[in-house]
Protein chains: 2
Amino acid sequence: MGGRTTRQRTAVMRALARRQDFVSAQELHALLVTDGIRIGLTTVYRALRDLEASGGADVVRDEAGERLYRTRPADGHRHYLLCRACGRSRPVDSDVVEEWAGRIAADTGYAAVEHTVELTGICANCQPSGDEGEPPCHHWERAPEAAGRARSCAN
Amino acid sequence: MGGRTTRQRTAVMRALARRQDFVSAQELHALLVTDGIRIGLTTVYRALRDLEASGGADVVRDEAGERLYRTRPADGHRHYLLCRACGRSRPVDSDVVEEWAGRIAADTGYAAVEHTVELTGICANCQPSGDEGEPPCHHWERAPEAAGRARSCAN
DNA sequence: TATGGATATGGATTTCATTTTCATTTAGCT
DNA sequence: AGCTAAATGAAAATGAAATCCATATCCATA
């Protein structure tokens, strides 16, 4: 099932493993190229898609719908809390949701129920001191341009 | 907060309300045009985006990342179980998840935590009786490429 | 009922992530 | 070495969504 072991695929896997947070295909490609590795964007897309398909990586989508990849830890954590400002993630305990999803499946008669849970917020580092009152229910449109670009926290 | 009441926005809201399932902006636009309503695709996008922002509609994403909209019932349900075969949805009880998400927010120190929960499965109607074949029920053709299994949350 | 400024519309254009195409290269054999 | 299916990658295609901007429309006020 796993494809061939090529220079490029190895590079993608290594780069993804090295990084402990979610990355987009484009960012990963940029990283690789910056590191002097000759690889095409297409290949990065394909490698990540295949990694996802074979269970080697988790995927979430950011607010813009862009796919973000992360190597799946051996012990199978599955849900993450992403900071909308700096993009960093942390795994969260998700037993409750897993159970809930299982019960839904049983109750509804739906087969092959799958769930996707995406949590976002503003991490402690990125919280402004006290200038912007944030509405309680969803009202964040798309993050300011800075959030989309920089994947590293300024603080 | 709410925009003006225009012919087009009214049409979008009516069309969305009439339909009991999730629709994409493009499908909704096609529906409206077919119904003889003169409205631009841009306006449909905007109306739906604004509806979402004001809490008037729920949004999920299909496998392709496309946004699907549905009017939010008055009692504020937020989570749905979508059939991957026919695209029909049913709301599910989500108190457990809401609570869980709230606790995550408190525990992690993240501010403005938001959650997206997407459940998909094969509904009773679409379940093959004895063999593994293409599901029998197709109201509209969605997910032609959904054959690629292995989602982010394989359970 | 007019007026005017704020807001909405929509066709065209642009953006941009992702996919497809296809000629070329390469891994993994015998 | 030689073979071949698989992988590569540059360019082009795709398609959803955003943006532009000239025009149309709403609606409070006179």
Side-chain angles (χ1 to χ4, degrees), chain A residues 1-13 15 22-33 36-54 56-57 59-69 87 140-145 147-149 151, chain B residues 1-15 22-33 35-54 56-57 59-69 140-148 151-152:
Chain A
M1 63 155 79
R4 290 181 182 167
T5 307
T6 63
R7 176 177 61 80
Q8 293 91 334
R9 268 160 139 84
T10 306
V12 167
M13 290 204 290
F22 284 92
V23 226
S24 70
Q26 311 229 18
E27 281 169 331
L28 200 60
H29 176 246
L31 280 176
L32 288 163
V33 168
I37 295 165
R38 273 192 63 254
I39 188 171
L41 179 56
T42 315
T43 302
V44 175
Y45 272 112
R46 273 189 290 233
L48 290 175
R49 199 210 302 121
D50 295 353
L51 255 184
E52 175 191 3
S54 68
V59 187
V60 300
R61 293 192 193 254
D62 64 11
E63 316 86 55
E66 197 179 358
R67 282 182 175 81
L68 305 179
Y69 295 87
W140 44 287
E141 281 330 293
R142 54 182 341 119
E145 72 308 315
R149 279 279 50 80
R151 263 237 132 26
Chain B
M1 57 162 77
R4 289 183 181 163
T5 306
T6 63
R7 176 177 61 81
Q8 292 93 334
R9 269 159 138 86
T10 307
V12 166
M13 291 203 290
R14 269 230 309 277
F22 285 92
V23 227
S24 70
Q26 312 229 15
E27 281 169 331
L28 200 60
H29 176 247
L31 280 176
L32 288 164
V33 168
D35 278 5
I37 295 165
R38 274 193 64 253
I39 187 171
L41 180 56
T42 313
T43 302
V44 175
Y45 273 115
R46 271 189 292 236
L48 290 175
R49 202 220 290 126
D50 295 352
L51 256 184
E52 175 192 2
S54 68
V59 187
V60 300
R61 294 193 192 251
D62 65 10
E63 318 81 52
E66 198 180 355
R67 284 181 173 82
L68 305 179
Y69 295 86
W140 68 68
E141 62 294 346
R142 185 183 293 299
E145 41 74 50
R151 314 272 316 173
S152 54

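Every chain is numbered from 1, with letters handed out A, B, ... down the list of sequences.
- Counting all heavy atoms, side chain and backbone alike, Arg38(B) lies closest to Arg7(B) at O-NH1, 3.1 Å.
- Separating the CG atom in Leu48(A) from the CE atom in Met13(A) is a distance of 11.0 Å, to the nearest 0.5 Å.
- Relative to the side chain of Thr42(A), the nucleotides dT9(C), dA17(D), dA10(D) differ in distance, and dA10(D) lies closest.
- The residue among Gly65(B) and Gly40(A) whose nearest nucleotide of DNA chain D lies closer to the 5′ end is Gly40(A).
- Candidate nucleotides dA16(D), dG9(D), dG10(C) were compared by shortest atom distance to the side chain of Glu66(B), and dA16(D) ranks first.
- Taking all atoms of both residues into account, the shortest heavy-atom contact from Leu68(B) to Phe22(B) is O-CD2, 3.4 Å.
- Among the atoms of the strands shown, base atoms are found under 4.0 Å from some heavy atom of Arg46(A).
- Backbone-only engagement by Ile39(A) is indicated by non-hydrogen atom pairs under 4.0 Å involving sugar-phosphate atoms exclusively.
- A pairwise comparison of heavy atoms in Arg4(A) and Arg9(A) identifies O-CD, 3.5 Å as the closest pair.
- Nucleic acid contact for Arg38(B): sugar-phosphate only, since backbone atoms but no base atoms lie under 4.0 Å from a heavy atom of the residue.
- The two residues Leu32(B) and Ala11(B) come nearest to each other via the heavy atoms CD2-O, 3.7 Å.
- Phosphate contact (OP1/OP2 of dG9(D), side-chain N/O of Gln8(A), threshold under 4.0 Å): present.
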Contacts under 3.5 Å, N or O only, protein and nucleotides 24-30 of chain C:
unit_1  : atom_1 : unit_2  : atom_2 : d
dA27(C) : N3     : Arg4(A) : NH1    : 3.3
dG28(C) : OP1    : Thr5(A) : N      : 3.0

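- Here the nucleotide nearest the side chain of Gln26(A), chosen from dT18(C), dA7(D), dG11(C), is dT18(C).
- Judged by distance alone, with hydrogens and angles left aside, the side-chain atoms of Asp62(B) form a donor-acceptor pair with the main-chain N or O of Ala64(B) at under 3.5 Å.
- With a cut-off of 3.5 Å on both Watson-Crick or G-U wobble distances, the partner of dA30(D) is given as dT1(C).
- Ranked by how close their nearest DNA chain D nucleotide is to the 5' end, Leu41(B) and Asp50(A) are led by Asp50(A).
- Counting only heavy atoms from C-beta on, Tyr45(A) has its side chain closest to dA17(C) among dA17(C), dT9(C), dT8(D).
- When all heavy atoms of Thr6(B) and Thr10(B) are compared, the closest pair comes out as O-OG1, 2.7 Å.
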